[in-house]
There are 2 protein chains.
Amino acid sequence: MTAAHRTWAGTTLADRRAARRRQLIESGLELLGTAGTQAVSVRAVCRTAKLTERYFYESFDDRDTLLLAVYDQVAQEAHDALVAAVRDARDELADLARAAVTSFVELIIDDPRKGTVLLLAPLTDPALVRRGSELLPNFTALIHDQLPASIDDTERRLIAVGVTGALTNLFTAYLNGTLDVPRDRLVDHCVRMLLAAARP
Amino acid sequence: MTAAHRTWAGTTLADRRAARRRQLIESGLELLGTAGTQAVSVRAVCRTAKLTERYFYESFDDRDTLLLAVYDQVAQEAHDALVAAVRDARDELADLARAAVTSFVELIIDDPRKGTVLLLAPLTDPALVRRGSELLPNFTALIHDQLPASIDDTERRLIAVGVTGALTNLFTAYLNGTLDVPRDRLVDHCVRMLLAAARP
DNA sequence: CTCACTTGACTACGATCGTTGTCAATCCTA
DNA sequence: TAGGATTGACAACGATCGTAGTCAAGTGAG
């Protein structure tokens, strides 16, 4: 029997490795989403995960690799929630916008750490700057492409960047409690802003 | 003759101390505005300033004190430029908005490091988070108060936070080259957005 | 039962950090 | 010119970091 499939404490090596990896990512999310980027040291992650450094380097090349894994997992979750919401919405711009905004607000209400990681961490950590500057422009481009062709390209870029900034600032303020506003009002406002921007 | 007023190399002690302080702040600005927050170590600042650590602690209690001094100086400069521009503008909302936006754009074109410090550093450095979360809300409140009273308060807050985010994102993208757009277009767009938001 | 694999606690190394201290060289005032 | 103020180069301290290694104890397949 090969080592990888030998059972140990009821599970195979691959399972245990995967479980440890999940545990490390969860601990990374906890630290990154609450205490910030400088709190995510290898030692702190291992202490939180109740694992030793050995297992850290079993799953990740270095500290930055973990940070990227945390960010990517949250980004993937957000992406999945978004496409699911959009898939179930009626095929009309207003409904699509509302579905998208609602799904994101629900995500960050359900787990604010994820919102923090998505919106704030890329600004805070050098290792995540690139990731953040890939994701947001993608979103910006999405808006950009929805804008009517009658608007010239420069104007479309300006609108897209502005709307993206408005949304992230609204979500960020909502996350940290600065923007004390009912959830529905936030969603309504974001949707109306999206639709207003899409009008010629 | 008291030590403080004794001349040395042609200047008094107070003058030399002030000169060293300026030099340290300038070095802090250089590092914070280009290499980012983690590049601002006491050693790096002193090396850049061609001074020794001794003089660092002559002017600043610790690293964070320097960071705050750098930020506050840039914020003060921006504030001064803003009030000067607004003072010289005609007393009409459109002109005020244009004067304000133009003065800020000129500031960050003249010295992009200052724009980076104002907009990005507070998000990047824990020591500056509080400063950033004091300045931007102030600006947000300014917008908030300009909005017509016919809009209810929640809506006014939403608009103010959104507009602030849009502006900072536009400036940020312009700063880092992502938003490749002529200066005048940027100014125009920001002014139009400000005025549009102020309409009922 | 035995032995190889697995685990956890722990130590170790080199680097960098903030901060403080030492000491000789330099400069002005008295 | 003598002596105290000032300067600059540099060492030193403790802390933390990323990363790698050691070693005894636990565990299950053959």
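Side-chain atoms are counted along with the backbone in the values below, which use heavy atoms only and exclude waters and symmetry mates. Everything quoted here is computed from the prediction, not taken from an experiment. We name chains A, B, ... by the order of the sequence lines, and we start the count at 1 in each one.
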Which of the following nucleotides, C/dT19, D/dG8, C/dG18, is nearest to the side chain of B/S41? C/dG18
Taking the side chain of A/L13 as heavy atoms from C-beta outward, which of D/dT7, C/dT19, C/dT7 is closest to it? C/dT7
Spacing between A/L66 atom CG and D/dC17 atom C1', to the nearest angstrom: 15 Å
Within the sub-3.5 Å range, which N or O atoms of nucleotides 9-16 of chain C have a protein N or O partner, and how far apart are they?
{"unit_1": "C/dA12", "atom_1": "N6", "unit_2": "A/R43", "atom_2": "NH2", "d": "3.3"}

Measure the spacing between CG of B/L120 and OG1 of B/T37 and express it to the nearest 0.5 Å. 11.0 Å
Looking at CZ of B/R113 and OG1 of B/T116, how far apart are the two atoms once the value is rounded to the nearest 0.5 Å? 9.5 Å
Could you check how far OH of A/Y55 sits from P of D/dA20, rounded to whole Å? 16 Å
Whole-Å distance, A/F60 CZ to D/dA20 P, equals 15 Å
Look at the side-chain N and O atoms of A/R17 and state whether any lies under 4.0 Å from the OP1 or OP2 oxygen of C/dT6. no
Roughly, in whole Å, what's the span from CZ in A/R63 to P in D/dA20? 16 Å
Return the nearest nucleotide to the side chain of B/R16; candidates are C/dG18, D/dT7, C/dG8. D/dT7
Whole angstroms only, please: what is the CG-P distance between B/L24 and D/dG8? 12 Å
Within the structure, does a side-chain N or O atom of A/Y57 lie under 4.0 Å from either OP1 or OP2 of D/dA20? no
Strictly by modelled atom types, are A/N138 and A/E134 linked by a side-chain donor-acceptor pair under 3.5 Å? no
Could you check how far CD of A/Q38 sits from P of C/dC17, rounded to whole Å? 16 Å
If we count only N and O atoms by modelled type, under 3.5 Å, do the side chains of B/Q76 and B/D72 hold a donor and an acceptor together? no
Side-chain donor-acceptor pair under 3.5 Å between B/D62 and B/T65, yes or no? yes
Minimum-distance pair of heavy atoms, taken over all atoms of B/L170 and A/L158: CD2-O, 3.5 Å
Could you tell me the separation between the CZ atom of B/F56 and the P atom of C/dC17, rounded to a whole number of Å? 13 Å
Tell me the interatomic distance from A/E58, atom CD, to C/dT6, atom C1', rounded to whole angstroms. 10 Å
Given 3.5 Å as the limit, does a donor-acceptor pair link the side chain of A/R156 with the main chain of A/D145, or not? no
